[in-house]
Amino acid sequence: SAVISQKPSRDICQRGTSLTIQCQVDSQVTMMFWYRQQPGQSLTLIATANQGSEATYESGFVIDKFPISRPNLTFSTLTVSNMSPEDSSIYLCSVSQQGAGEKLFFGSGTQLSVL
Amino acid sequence: GESVGLHLPTLSVQEGDNSIINCAYSNSASDYFIWYKQESGKGPQFIIDIRSNMDKRQGQRVTVLLNKTVKHLSLQIAATQPGDSAVYFCAENSGATNKLIFGTGTLLAVQP
């Protein structure tokens with residue numbers, strides 16, 4: 001399995017600001033994904049980070065709010081823009097060598113609190 | 001719509017006992033299922049998976065059972081230890097969207 005490092009591990013941010021979360025994988029992976037886990041809830045897929053092209057967003061998530069970059073096969077960033085308290089969640093990077101519907105490996109997550 | 005749900009949001013067991021965590025799914029076309037363990041402050045960790053052409057799969061101290069007739073998935077943990085305390089999620093690949101859909105999670109609390 002891949003080793004996935006996320007930074008920051010946690011942050012407390014002010015309303016209206018933006019935070020960029022980094023995801024670094026120790027090996028090249030085919031697919032990278034970003035998930036959100038709201039307090040006490042399950043995981044919801046935000047988008048698929050595509051290498052060299054625009055991310056593919058799930059219903060309810062838009063690029064202006066959650067811009068994503070993936071410049072190569074080992075790195076991706078997720079930005080949470082113009083934050084509000086409703087954005088307080090754990091944001092998780094995940095990877096797969098097989099596909100979005102197959103075994104995923106997750107990073108340790110970024111705990112975001114918006115005041 | 002599609003949904004994956006758990007019968008018990010919290011399960012409390014004594015150390016050394018066996019644990020059974022249940023999960024219901026609604027899409028009969030789902031062909032792949034997976035269990036994750038999430039400890040506090042950590043990301044989900046893969047435990048075991050199973051495809052729809054099987055009804056049982058065993059790992060180290062864990063067994064996953066799949067009953068396609070009633071669309072039910074369970075995770076059995078033998079000789080539960082304090083380190084097993086975590087939230088457990090089931091997930092299914094519905095096939096149509098080829099994405100994992102996660103259930104709501106069960107908190108397993110192991111009492112010493």
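In what follows, every chain begins at residue 1, and chains take the letters A, B, ... in the order their sequences are listed.
Both the backbone and the side chain of Glu102(A) have a heavy atom closer than 4.5 Å to some heavy atom of chain B. Neither the backbone nor the side chain of Ile4(A) comes within less than 4.5 Å of any heavy atom of chain B. Of the atoms belonging to Lys99(B), heavy atoms from both backbone and side chain fall under 4.5 Å from chain A.
Within residues 41-56 of chain A, the residues having any heavy atom under 4.5 Å from a heavy atom of chain B are, by residue number, Gln41(A), Ser42(A), Leu43(A), Leu45(A). Residues from residues 10-37 of chain A that place a non-hydrogen atom less than 4.5 Å from a non-hydrogen atom of chain B comprise Tyr35(A), Gln37(A), given in numerical order. Within residues 43-50 of chain B, the residues approaching chain A closer than 4.5 Å by heavy atoms are, in numerical order, Gly43(B), Pro44(B), Phe46(B), Asp49(B). Among residues 106-115 of chain A, the residues having any heavy atom closer than 4.5 Å to a heavy atom of chain B are, in sequence order, Phe106(A), Gly107(A), Ser108(A).
By the rule that hydrophobic residues join a cluster once side-chain heavy atoms approach within less than 4.5 Å of another member, Ile21(B) and Val110(B) end up as members of one cluster. Hydrophobic clustering (side-chain heavy atoms under 4.5 Å, transitive across Ile, Leu, Val, Met, Phe, Trp, Tyr) groups Trp35(B) together with Val13(B). Following chains of ILVMFWY side-chain contacts shorter than 4.5 Å, one cannot reach Phe66(A) starting from Val62(A), and the two form parts of different hydrophobic clusters. Cluster membership check: Phe61(A) shares its hydrophobic cluster with Ile63(A), using side-chain heavy-atom separations under 4.5 Å among Ile, Leu, Val, Met, Phe, Trp and Tyr. Under the 4.5 Å side-chain heavy-atom criterion for grouping Ile, Leu, Val, Met, Phe, Trp and Tyr, Leu65(B) is not connected to Val62(B) through any hydrophobic cluster.
The main-chain N or O of Leu104(A) is found under 3.5 Å from a side-chain atom of Tyr36(B) such that the two form a donor-acceptor pair.
Expressed to the nearest 0.5 Å, how far CD of Gln38(B) lies from CD1 of Ile90(A) amounts to 6.0 Å.
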